Amino acid sequence: MSDLEKRFNLNRETDIYQKWEKGGYFKPEINNDKDKGEYCIIMPPPNANGNLHLGHALMVAVEDILIRYNRMLGKKTLWLPGADHAGFETWVVYEKVLQKQGKSKFDFERDDIYKQIWDFTQNNKEVMVSQLKALGSSCDWSREKFTLDKDIIKTVYKIFKKMHKEGLIYRGNRIVNWDPYHQTGFSDLEINHVERKTNLTYIKYQIKGREDFITVATTRPETMLGDTAVAVNPNDARYKNLIGEIAILPILNREIPIVADEAVEMGFGSGAVKITPAHDNLDFEIGERHNLPAIQVIDKFAKMTAEAGNEFEGLKVKEARTKVLEKLEELKQIERVEEITHNASVCYKCGRDIEPLITDQWFIKVDDLAKNAMEAVENGDIKFVTKRYEKIFFNWMENLKDWNISRQIVWGIRIPAWFCECGEIIVTDGKVPEKCPKCSLTKLTQDPDTFDTWFSSAQWPYATLGYPNGKDYLEFYPADVMETAWDILIFWVARMIMMGLYTTEREPFKTVYIHGLIRDKKGAKMSKSKGNVVNPMDLIDKYGSDALRLSLIMGNAPGNDLNFMEEKVIGSRNFVTKLWNIARFIQMNTTEAQIVSHETFTLADNWINNELNLTLKNVTKNIDSNNLNLAIEELYDFVWSKFAAIYIESAKFYLNNEISKDSVTFTLRSTFKHILKALHPFMPFVTEEIWENLELSDKMLIVEDWPTDLQIEVSDENVKKFEAVIAIISEIRNKNLVPEDTYTIENDDFSDEEINLIKFQTKIKEIKQ
RNA sequence: GGGCGCUUAGCUCAGUUGGUAGAGCGUCUGGUUUACACCCAGAAGGUCACAGGUUCGAGCCCUGUAGCGCCCACCA
């Protein structure tokens, strides 16, 4: 046993981590013979396209605490790490990488760009792993997964084929959110709505065979070139007599019907809507209901097509708008224009306008999947921490629309579907089909599209464990906890529940633990563009991993966002140092402890034993109920305000005066051992280092048993006596007396030993009773 | 349009079956005690957003109001 240095040396963290890893302590098998059941968390795989941020640090802190706690309980504990190829996200990140080199992704062949991004993500993955290790993640690296691993893709293909066969997946020529800049379609979740001021133009369409007009109101006059109807509400008295009549589309003079549809709001605009099924979501639906043709007048690059007519073809949307308005003005068919604010759809990444467009995409029918998912939450198979997130979950699930899972980008899992010239579509589980089963042609082309990342990551919980026959799948599925931030609750968690229930007929996890977002000091979201991003690795270098983890857990109730302040990390670092110094005190003042029977305990021993029992009980209860903040605060308070401030200060009195030395030595060491164990999940590095240096056992702390009850008898009467001593000490201190003063205690009966203890702690010369 | 959350000490936040308001940081006073100044001893500071209600008792439960924030949604 070597003397402890003055402070905990942060460089030791790397060595400690390697010891754990080399010792195989992160593997569930380490608890093979303990027969305490299993515990499993699948780590949300961070995107392999950049560095970890503070949100990841919080994720690691929470999950590692749960994992280390359960490991100490003796369970076969699996924490499975991984990384996400993050399809579109990485696509955008890499686009910027290329931009810096003055290149574009359109400069490369498909395979070439794929290979480049593959290498890019592999490099990032390495950095990420080292960062996860620096945070102390005790996950089983031998089971690490990447979302593009062969076995993961195999599972995804298999399930895709199965869903297709069962009619849950279909290829549809439907209207989707098209991003003309990124040249891909999106699901409804990947678009944002921004409020925007715009002109609402009232246009008069003449009724065929009559002198009068019907007026429609639109914010996108250029789309009128694709109009195939005018719709009114069937209950609208103003237009009842026009239903079934024909309107004449200005400029193009196309004859279009006037139809009735409940979806039309009477109160908005003129109450009559122009219907452009090819370029508006609602119009598309109305078009389907009334069997209206869709005329595409805008192409994938947001330019006007030939269908728009000679004078408009090739114009950008905005140019076409100006020109259409000019024409209408000439024709005197603009009734009036008013300014309104409405919600425009934009790309969630870059904010550019979304153009609704009809394209061929793969969709998942979500009705039944959503129903089952809601049921699983309703009947308690899956619980949310905190419960209020269940409401958000239901709110979203209740109005789901079919999920577009195809993306027109190269980076991702390519869809295992092949097209034949005869029109047949062949879906396989990944194998290249030899010929068309319908016409026997051998010239087949694979769908160039890839899956929405979330379609594959929705299958992460079972795919990583080796569904359907893998040993880990059989042993660890479903996972105990899915821990993630609320911002991907619906992107990911909801879909994992749907897919997990569909594929495995079981819930993929029992508890969903939702943590909040880490914001900057003022509560603003951290982002590169704002320049307020804090790098967790810098904080680890400065204050250590334990301090960073503590600062993210303390005072942060589950599910709530956290405004990050470096001062909090400093405070946590101070606690690490406090613990370190307690270790030094114990090293300097005790040797191997004798076993002592409880009859010989001093008042202080008896009191701290009692306090420790209560603390351990509360800590365990709070971890079990997912209140990690309360658990660590309880420990913090015990260590600093009770063990250090009161017990150790009293211990000095006994040790200096050679009173009850064995008993005090025993209690100091025993209490400290329990504290180290209980603190270990929260601050693994410093506790392990102290454990080793004080030679507190021949095992590493990481695999010690979780401390529950002290198994030491406590005298309630003596607890009360010591509390009286504490009360007197604090009373005397309140008086701000000087050492020469005398203090008189009224109405109390203290022994000489107690009086001396009070004198020792208050430095008062004399105390009278 | 529908839904959710927040409002507690100067600041950031805890407060989980309703029982005399808590922490960290900051501020102020005093400390060169051999674990620790990344420390020790103490102090000041809150009509728990507002208004009603339930209750012997409400920061916590109910109703309403205001301010702030967020999510979902097809106002053309």
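If you're wondering where the values come from, they're calculated on a predicted model, not measured in any experiment.
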Across all strands shown, which nucleotide pairs with [N] by Watson-Crick or G-U wobble geometry, both distances under 3.5 Å?
N      : answer
U63(B) : A51(B)
G69(B) : C4(B)
A37(B) : none

Subject >> Heavy-atom pair with the smallest gap, counting every atom of W580(A) and R7(A) >> reply: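 Minimum heavy-atom contact is NE1-C, 3.3 Å.
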Subject >> Of I729(A) and G267(A), the one whose closest RNA chain B nucleotide lies more 5' >> reply: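 Nearest-nucleotide comparison on RNA chain B picks I729(A).
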**OP:** Would you mind classifying the nucleic acid contact of K401(A) as base, sugar-phosphate or nothing, using non-hydrogen atoms under 4.0 angstrom?
**Re:**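 The residue K401(A) makes sugar-phosphate contact but no base contact.
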Original post:
Contact class for E649(A) (heavy atom, under 4.0 Å): base, sugar-phosphate, or nothing?
Top reply: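 Since a base atom lies under 4.0 Å of E649(A), the category is base.
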Between [atom2] on [N] and [atom1] on [X], what's the gap in Å once rounded to a whole number?
X       : N      : atom1 : atom2 : result
F585(A) : C36(B) : CZ    : P     : 10 Å
L562(A) : C6(B)  : CG    : C1'   : 15 Å
E338(A) : A76(B) : CD    : C1'   : 12 Å
F268(A) : G1(B)  : CZ    : P     : 13 Å

When the [atom1] atoms of [N] and [M] are considered, how many whole Å apart are they?
N      : M      : atom1 : value
U47(B) : G42(B) : C1'   : 28 Å
C48(B) : A43(B) : C1'   : 23 Å
A9(B)  : C25(B) : C1'   : 12 Å

**OP:** With the side chain counted from C-beta on, respond yes when N233(A) and Y239(A) share a heavy-atom pair under 4.5 Å apart, and no when they do not.
**Re:**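 SC-SC contact between N233(A) and Y239(A) ruled out.
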Should [X] be listed as having a side-chain N or O under 4.0 Å from OP1 or OP2 of [N]?
X       : N      : answer
N734(A) : A43(B) : yes
W640(A) : C40(B) : yes
N629(A) : A23(B) : no
N574(A) : C39(B) : yes
K391(A) : C71(B) : no
K6(A)   : C36(B) : yes
N563(A) : C13(B) : yes

Subject >> Parallel, tilted or perpendicular: ring planes of Y348(A) versus F491(A), cut at 30 and 60 degrees >> reply: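 Judged by the thresholds at 30° and 60°, the geometry between Y348(A) and F491(A) is tilted.
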**OP:** Just say parallel, tilted or perpendicular for the rings of F672(A) and F643(A), cut-offs at 30° and 60°.
**Re:**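 The rings of F672(A) and F643(A) lie parallel, inter-plane angle below 30°.
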Nearest to side-chain heavy atoms of [X], which nucleotide of [options]:
X       : options                : answer
R7(A)   : C38(B), A76(B), C72(B) : C38(B)
K578(A) : U33(B), C38(B), C36(B) : C36(B)
R573(A) : A76(B), A73(B), C38(B) : C38(B)

Subject >> Short N-O contact, D353(A) and R196(A), less than 4.0 angstrom >> reply: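 Salt bridge between D353(A) and R196(A), a charged N being under 4.0 Å from a carboxylate O: yes.
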Original post:
Between K521(A) and E567(A), does at least one N-O distance fall below 4.0 Å, as a salt bridge requires?
Top reply: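 Looking at K521(A) and E567(A), the cut-off is met.
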